[in-house]
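No hydrogens, no waters, no symmetry mates; every other heavy atom, side chains included, goes into these values. Naming: A, B, ... by sequence-line order, numbering from 1 per chain. What you see is a predicted model; the values in this text were computed from it and never measured.
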Amino acid sequence: GWYLKPLPPSTPTIHVKFTLDWAYQGPQAPFLVALYKGFFAEEGLSVTIDRGYGSARAVSDVASGLFDIGFGDFNSLVEFKSKNPDAKVKMVAVIHVKSPLSVVTLKDSGITTPKDLEGRRLGAPAGDAARRVFPAYANAVGIKQERITWVTMDVALREVMLARGDVDAVTGFYYTCVLNLLSLNISENNIVVFRYDEYLPLVGNGILVNEDFLKKNPEAVKKFLKAVVRGFKYVIQNPDEAIDILMQRDPTLNKAVERKRLLMALEIINVKGITDRYGFGYVDPSIIEKDIEAIASAFGLSRKPSLGEVVDFNYLPPLEQRLP
Amino acid sequence: MASGKKFKVINPLLTLLLLGIAWELVIRVSNIPNYVLPPPSAILAAFGSYPWYLTYNLAETLTSALIGLAIAAAFSLTLSIPLAYSEAVRESVYPLITGFNAIPRAALVPLLALWFGLGAAPRVLTAFLIAFFPILVPTLTAMITMEKELWEMLQSFGASKGQILIKVAVPRAMPYFLSSLHMGLTSAFVGSVIAEMVASDRGLGYVILSSTSRLDTPLAFACLILLALTTFLISKVLSLVERRVVGWAYRVNI
Amino acid sequence: MASGKKFKVINPLLTLLLLGIAWELVIRVSNIPNYVLPPPSAILAAFGSYPWYLTYNLAETLTSALIGLAIAAAFSLTLSIPLAYSEAVRESVYPLITGFNAIPRAALVPLLALWFGLGAAPRVLTAFLIAFFPILVPTLTAMITMEKELWEMLQSFGASKGQILIKVAVPRAMPYFLSSLHMGLTSAFVGSVIAEMVASDRGLGYVILSSTSRLDTPLAFACLILLALTTFLISKVLSLVERRVVGWAYRVNI
Amino acid sequence: MEPAIRLCGITVRYGNGDGGLVAVADVDLDVMPGEVVSIVGKSGCGKTTLLKVIAGLVKPVRGELVLNGHKANTPHRGVGMLFQSPLLLPWRTVIKNILLPIEVLNGDVRSYLSRAYELIEKVGLKGFENSYPWELSGGMQQRVALCRALIHKPSTLLLDEPFSALDAITREEMWGLLQEIIEYERCTTVLVTHDVREAVLLSDRVVVISGRPGRVRSEVRVDFRRPRGLDIQYTKEFNDYVAMIKSLIGD
Amino acid sequence: MEPAIRLCGITVRYGNGDGGLVAVADVDLDVMPGEVVSIVGKSGCGKTTLLKVIAGLVKPVRGELVLNGHKANTPHRGVGMLFQSPLLLPWRTVIKNILLPIEVLNGDVRSYLSRAYELIEKVGLKGFENSYPWELSGGMQQRVALCRALIHKPSTLLLDEPFSALDAITREEMWGLLQEIIEYERCTTVLVTHDVREAVLLSDRVVVISGRPGRVRSEVRVDFRRPRGLDIQYTKEFNDYVAMIKSLIGD
Ligand SMILES: Nc1ncnc2c1ncn2[C@@H]1O[C@H](COP(=O)(O)OP(=O)(O)OP(=O)(O)O)[C@@H](O)[C@H]1O
Ligand SMILES: Nc1ncnc2c1ncn2[C@@H]1O[C@H](COP(=O)(O)OP(=O)(O)OP(=O)(O)O)[C@@H](O)[C@H]1O
Ligand SMILES: [Mg+2]
Ligand SMILES: [Mg+2]
């Protein structure tokens, strides 16, 4: 009879400490959705989500064991692994299958192609990923790097300085820059974006796992990825509900802006020709190899980590579960 | 008398009001955009939109700042005694403390988070680390500038160095200790906020960071002003305590 | 005597050396990775790799910190006189200053950069803004806790309030003013570094930020330790000045 | 002639409410220009308080202070006051402590320098010009305070037990010095002292105060011709004055 | 019998090098248990310095301090010292200032409370127990300091001009009090004073110090039987002692 149906496996719930890449904003919604809609709980996971402080810091925070799992930048991971070969961190899913890194400028500045950046002033924070990868981009496009003047400034100043004309262009995540410019009342058609991925085979953020945790709880990692993929799929279907869930964490957010930010972020997560072929979380290793190559030369890394050192796609759910 | 007291409370509020009006006018007249400096009206609107959220986060910051301050005050007072006690200890420890204090605490918060986890501990610790030095310095100075005559008086009937410190140097330093709490208070707040900016998802520090990253300057300013107002009020309370406890030191009515 | 003086300088260096050795050992034994806490040996190696680069950036930071400190010292001393002069002024201005000081200056640097550009101005200003309060508080306290008897003595031959302040309150406050410069010094450094982190492409603050973003923790720590050492040395020099100028206040050889 | 100092019904109260204490009640006192008046009385009877009232340092709750015909209620220039404790500034040397009033009164410090050295020599402190107060004995500090009270040639001298820390011999030297200064600079002087012989020797009038609250009990006019030598101490008249005043204090 | 206090060839120097000053040179002095010795001399001759040497507060550059047969060179319990200035703590009330030595010596403050009140009454300060020092007159402060020096029943009393701020009448009352205490509690007492009559009345021996550097010029033994009434002041013997000592100081 139905009462003989086996009870769900009585595995104890596993606790997972998870860190985001940045503050609670639209693009971070899928993880919160997975939490609040109970996707994690259904997998027997009890997850705590913390805000992040930059997609690079997530790498060292997961490596140090401060968090078990994190959402962080692949390129930073490559650099980190190159410098700390023993570091216990690995990427188990690539979420940003394209890189959000870009140069953003205004039509008023007269810059229409990347080549026009020569002789101009570019603003960015010291550690900005787009600034650091810029040499590789410049190489690919054929910009003479020596002719670029960098102006270092805090993130909070970046778009303001661009809007006021203190700098001619800025580097950063395209959706952050564009939305901040919009909030400064710059009209959308005045904004020019040069995305690095037009010339460079780069990926962006992915799911990072602490390897000690991975060894101890391989099943939990699998379940975690399963729930996260569900989260992304759900958000794509129900963006408004996702933003409502996000607002529970931070009621001061502007709903419309965050919705737009989310949708812009999804452009590099749910990409025609990639995601509908490989599903969420997976990128062709040959592209990753090229990414590693580009980063190693742009950062001047003395040691190039191997593919196996940085990624492991074996914990992803089966393809059919991952297709959008 | 009574009107004098009222005056003391009203006066700074009046100054504040006048400042606010001037600020609003300057911005309206010169058309400064919000992101350069938001007008008080926009800041007030930000207050109005999220009263509970701001209150909740203020409470978070307040708690860790006050705990940090309390620890800093206790620690400074306790540490100042051995430092005053022995010149050798002072000469070897004090410059190290000074050196340590030149390290921007913001740079240490991630380490603190690594060592103590992400809870309240790093916030309280940062508040403590920033607040203790400005309390220690004037307290210690007051202790070691004790008049030689008083020192001899206590020695004459057999008081030990430690007893002289406890019975004379410490009470003599009290006016400086208490007045330095104003400084410690502001530092503790700064410490909590910095820690919240670097490793927390609550508290005014978090709100400031997330609002500035969205270029929501009025909300960030609302937080800053909330911080300033809270400190102002606590500082007033401290002043009352000061006059009660060490009134003897304020006999000149300047 | 001579050996005593030597002892004073050697002592903190010895303490430092012991701390360093302990640190190195702990890291070696417990296998803490570099990015969590680099061992002193790695930090020394970082020093060795970029001696000139670090020196140049230290000089940048030092310059703006010291200019900021000088302005803060002059400003605090100047401001403390009117504050001591009138209780009404004190009651209306002091709480505002306290409140203002609870605002994390880190949050204001972007604004300063917007207003004054990205040059040296915001760095000096931040150093000044952080340093002046911890100098003001003890100095002012010392001024307004002047003994009534001294006050009457000066009044008796017709000295005005202002003259009493200048002739008695200010020199009486000197030991506190000078000792608070230690605190001001560390604050000024913190201020410069914070400003360099937010809006500059030189100075140790910039190096710290860019090296952490490159995951070069040993270099970041080298900067922090360079900051601490520099402050330690300047603080030593300050102590000598102190003993010269206000030796009269340190007559008890505790 | 108008009195240089006139106290009319002066009452002083310290603190208010129940805890308050009336230190001095209904005191009337006139001091003529150039006159030397001594105030004697038991410890705590209000002598210092009266002196502070004259200096304008303590406000009476009732009564009036009139100086040279003008109502006064704030401290005024031209007063040289010596307090019961020396109140020297520890960060200033002896000479700089003495020159403090000149600095404050915007005088030309240089032109008073010779007077300062002269006074230092007269009080027997030659060689200690550049010492700090804490390097001096109690009596030496008191003498430095005396120099400070005299440096600016005040027209009114208010002395609160100026010689209490001095031995008999040094004290007699100081009496000589004080008489000389009063004579040459024609100061109106009010002297608080515990030494009745000192009061009789130096003053034209001795005012006896009774204690708690302080009131004027009686006044004794001392009719010796000036300048007075130290040897008048051994006359019968002198000792009669002393005995009488002592008995007045004692009652 | 062993002397309670023995000074052997004490020389004290303040400061070093050329700027230094020899305050006291080669002083020998024995004080027997229960004896009262007065030290007199001109202002600045080194009296306070000698007292501080006995208290262990000032280290001689030469010479030895022996207390009850034991070498001593640090401050020691069981001394009650009254300094030339009152040195009261402004944050403590009169009663708490007086009880300070008890607190420091870990005594039972409660059981000394009655003694404190008794002393306060005897020095005439009843009603001022809870006043702060700055609410007292100079003479009242000095009397509080006296109470503080006496509160812990010290076996050795060192008094530096204890009555200098008091009027003649209060001073005589204090003489009575001091004699009583010395009698009942058998204190060895060293008294520095400027009042030669006081020295003669109170002490068994008067030591005259000559100045700069301070040396013992002579000693005068005072042979009055104890207890001594105030009326011995009017005997010829008494006045002869006074005259002799004055002349010794004067030379
Ligand atoms: N701390 C000190 N530093 C330098 N010199 C000092 C110090 N204390 C006292 N002296 C000097 O030592 C000498 C003796 O001082 P001391 O206080 O013993 O005199 P005294 O006999 O007590 O005088 P008085 O009767 O005026 O109190 C004085 O010349 C004084 O200047
Ligand atoms: N600041 C004060 N606050 C309260 N009470 C005071 C204050 N100053 C003095 N008194 C009180 O006033 C009374 C008179 O004090 P005053 O100093 O005038 O006495 P005095 O005659 O100078 O005594 P002495 O001879 O001991 O110096 C005393 O009872 C004293 O307690
Ligand atoms: Mg008096
Ligand atoms: Mg003396």
Part of A:Asp250 within contact of chain B (heavy atom distance under 4.5 Å):
both

Does any heavy atom of chain B fall under 4.5 Å from the side chain of A:Leu157, the backbone, both, or neither of them?
neither

Surrounding CZ of B:Arg28 (heavy atoms of other residues, nucleotides or ligands, distance under 6.0 Å), is the total greater than 12?
no

Closest non-hydrogen atoms of B:Met197 and A:Arg51, given as atom of the first, atom of the second and distance, are O-NH1, 4.1 Å

In terms of heavy-atom pairs under 4.5 Å, which option from A:Ala163, A:Gly52, A:Pro251, A:Ala23 contacts chain B the most?
A:Pro251

Between A:Thr252 and B:Asp216, is the side chain to side chain contact (heavy atoms under 4.5 Å, CB included) condition met? List the steps.
CA-CA 10 Å; A:Thr252 64; B:Asp216 187 350; 5.6 Å; no

Checking A:Arg261 against chain B: side chain, backbone, both or neither under 4.5 Å from a heavy atom?
side chain

Name the region of A:Ser183, side chain, backbone, both or neither, that has any atom closer than 4.5 Å to a heavy atom of chain B.
side chain

Output for pair (B:Thr212 OG1, A:Asp154 CG), nearest 0.5 Å, gives 8.0 Å

How long is the straight-line distance from CG of A:Leu181 back to CG of B:Leu215, given to the nearest 0.5 Å?
8.5 Å

Side chain, backbone, both or neither: which part of B:Leu54 has a heavy atom under 4.5 Å from chain A?
neither

OH/B:Tyr50 to CG/A:Leu253 distance, rounded to the nearest 0.5 angstrom?
8.0 Å

Within residues 176-195 of chain B, the residues sitting under 4.5 Å from chain A by heavy atom, in sequence order, are none

Taking side chain as everything from C-beta outward and backbone as N, CA, C, O, which of these in B:Ser213 sits under 4.5 Å from a heavy atom of chain A? Side chain, backbone, both or neither.
both

For atom CD of A:Gln248, decide whether the heavy atoms of other residues, nucleotides or ligands shown that lie under 6.0 angstrom number more than 12.
yes

Residue-level contacts of residues 59-86 of chain A with chain B, using a heavy-atom cutoff under 4.5 Å
A:Ser64, A:Leu66, A:Phe67

